[in-house]
Protein chains: 2
Amino acid sequence: MPWELKSDRPIYTQLIEQIELMIVSGVYPPGSKLPSVRDMAQEAEVNPNTMQKALVKLEEDGLIITHRTSGRSITEDATMIERAKTKLAQEQVSEFLEKMQLLGFEQHEILTIINHMVKEMKK
Amino acid sequence: MPWELKSDRPIYTQLIEQIELMIVSGVYPPGSKLPSVRDMAQEAEVNPNTMQKALVKLEEDGLIITHRTSGRSITEDATMIERAKTKLAQEQVSEFLEKMQLLGFEQHEILTIINHMVKEMKK
DNA sequence: ATTATTGTATTAAGTGGTTAATACAATAAT
DNA sequence: ATTATTGTATTAACCACTTAATACAATAAT
């Protein structure tokens with residue numbers, strides 16, 4: 001988890017996205033404990049306030065539960081996590097298709113291109 | 001061209017992307033004249049300084065040419081535009097595939113999903 | 001020649017994100 | 001009981017982006 005943070009967008013939104021990604025991909029399994037705000041901030045090399053801001057948002061979304069003085073953990077609701085994963089995937093696909101169409105590619109061209117690039121990646 | 005500007009990223013970078021998109025997709029054909037900075041700024045509902053910043057960057061990239069007192073125009077080098085289009089497409093595809101893999105999808109799953117969604121869009 | 005339009009530059013103010021340095025309350029660990 | 005760790009809150013400073021208002025030089029249009 002190399003915490004890829006760019007400077008072209010607010011850091012806290014990037015933290016939200018990356019932590020969410022770690023949750024839905026199973027890096028942090030349902031019910032597992034998260035490191036403390038301070039530890040996560042140090043790990044990501046950001047200010048604790050910034051990490052806090054990201055975690056609060058994830059809690060509002062229901063993916064994370066806060067236990068006041070004993071840290072935070074991932075929700076045990078595996079269905080909710082699966083739903084988040086599906087939603088993220090659909091967003092990715094539709095954004096991708098929309099962008100490619102704006103670029104001027106027809107649907108069959110898009111399929112051809114992506115088939116070709118997937119084959120490339122298998123090497 | 002409804003100038004979709006969100007507040008989660010610098011506006012001038014979004015302007016760059018959208019103008020580039022209009023160039024490679026042919027909204028602004030090679031050699032055609034661009035509206036003045038002030039007009040484009042008003043059209044996009046941004047400050048002229050912000051639009052200026054975006055146009056300067058596009059000129060550095062070679063897609064736009066400045067004629068000091070008679071406005072700007074799109075480059076007549078169609079090859080360069082085609083190259084930009086291809087580059088943008090490849091970026092879209094690789095970013096998409098990378099994100100889907102991070103989400104935990106296998107390559108054959110990605111192909112299945114996108115085939116399915118393309119069929120949906122044809123309706 | 002005069003006027004209008006072009007890109008460009010400057011200065012000041014406002015805004016939001018980030019960092020830093022602290023502090024506090026609750027409670028788990030000892 | 002005491003200590004350490006937890007999330008949380010506050011304040012100030014800094015920085016990049018954005019807007020606003022204005023001005024200037026070059027030149028196309030009249």
Does A:Gln14 reach the main-chain N or O of A:Lys6 with its side chain, forming a donor-acceptor pair under 3.5 Å? yes
Among residues at least two apart in sequence or on other chains, which ones pass side chain to side chain contact (heavy atoms under 4.5 Å, CB included) with A:Ser25? A:Val27
Measure from CZ on A:Arg72 to P on D:dT5 and round the result to the nearest Å. 18 Å
Between D:dA16 (P) and B:Lys53 (NZ): distance, integer Å: 10 Å
By side chain to side chain contact (heavy atoms under 4.5 Å, CB included), B:Ser32 pairs with (sequence neighbours left out) B:Tyr28, B:Pro29, B:Ile74
Between D:dT19 atom C1' and B:Leu5 atom CG, what is the distance in whole Å? 14 Å
Check salt bridge (charged side-chain N to carboxylate O under 4.0 Å, His left out) between B:Arg38 and all other residues, then give those that pass, not counting sequence neighbours. none
Return yes if some donor-acceptor pair links the side-chain N/O of B:Thr75 with the main-chain N/O of B:Asp77 below 3.5 Å, else return no. yes
Return a table of donor-acceptor pairs under 3.5 angstrom between the side chains of residues 78-97 of chain A and protein atoms on other chains or two or more places apart.
residue : atom : partner : partner atom : Å
A:Thr86 : OG1  : A:Glu82 : O            : 3.1
A:Ser94 : OG   : A:Gln90 : O            : 3.0
A:Ser94 : OG   : A:Glu91 : O            : 3.3

Listed by chain and number, what are the side chain to side chain contact (heavy atoms under 4.5 Å, CB included) partners of B:Asp61, not counting sequence neighbours? B:Lys57
For atom CD of A:Gln52 and atom P of D:dT11, their distance in whole Å: 17 Å
In whole Å, what is the span from the CZ atom of A:Arg9 to the C1' atom of D:dC15? 19 Å
Value in whole Å for how far the C1' atom of C:dT6 lies from CG of B:Leu34: 13 Å
Just distance, no hydrogens or angles: give the donor-acceptor pairs under 3.5 Å from side chains in residues 44-54 of chain B, sequence neighbours left out.
residue : atom : partner : partner atom : Å
B:Asn47 : OD1  : B:Asn49 : N            : 2.9
B:Asn47 : OD1  : B:Asn49 : ND2          : 3.1
B:Gln52 : OE1  : B:Arg72 : NH2          : 3.0

Pairing annotation in dot-bracket form, given for DNA chain C with Watson-Crick or G-U pairs under 3.5 Å and | for cross-strand partners: ||||||||||||||||||||||||||||||
Does C:dT6 have its OP1 or OP2 closer than 4.0 Å to a side-chain nitrogen or oxygen of B:Ser36? yes
For A:Glu17, all residues meeting side chain to side chain contact (heavy atoms under 4.5 Å, CB included), sequence neighbours excluded: A:Arg9
Pairwise N/O distances under 3.5 Å, protein to nucleotides 19-22 of chain C:
residue : atom : partner : partner atom : Å
C:dT19  : OP2  : A:Asn47 : N            : 3.1
C:dT19  : OP2  : A:Thr50 : OG1          : 2.8
C:dA20  : N7   : A:Asn47 : ND2          : 3.3
C:dA20  : N7   : A:Asn49 : ND2          : 3.4
C:dA20  : N6   : A:Asn49 : ND2          : 2.9

Near DNA chain C, which residues from residues 54-69 of chain B have a heavy atom under 4.0 Å away? B:Thr66, B:Arg68, B:Thr69
From CG of A:Asp39 over to C1' of D:dT5, roughly how many Å is that when rounded to an integer? 10 Å
Ranking A:Thr13 and A:Ser70 by the position along DNA chain C of their nearest nucleotide, the one closer to 5' is A:Thr13
In chain order, what residues pass the ring-ring contact (aromatic ring centres under 6.0 Å, His included) check against A:Tyr12, with sequence neighbours excluded? none
Sort and list the pairs that fulfil side chain to side chain donor-acceptor pair (under 3.5 Å) and have at least one residue in residues 108-117 of chain B, not counting sequence neighbours. none
Provide, to the nearest angstrom, the distance between the NZ atom belonging to B:Lys33 and the P atom belonging to C:dT5. 12 Å
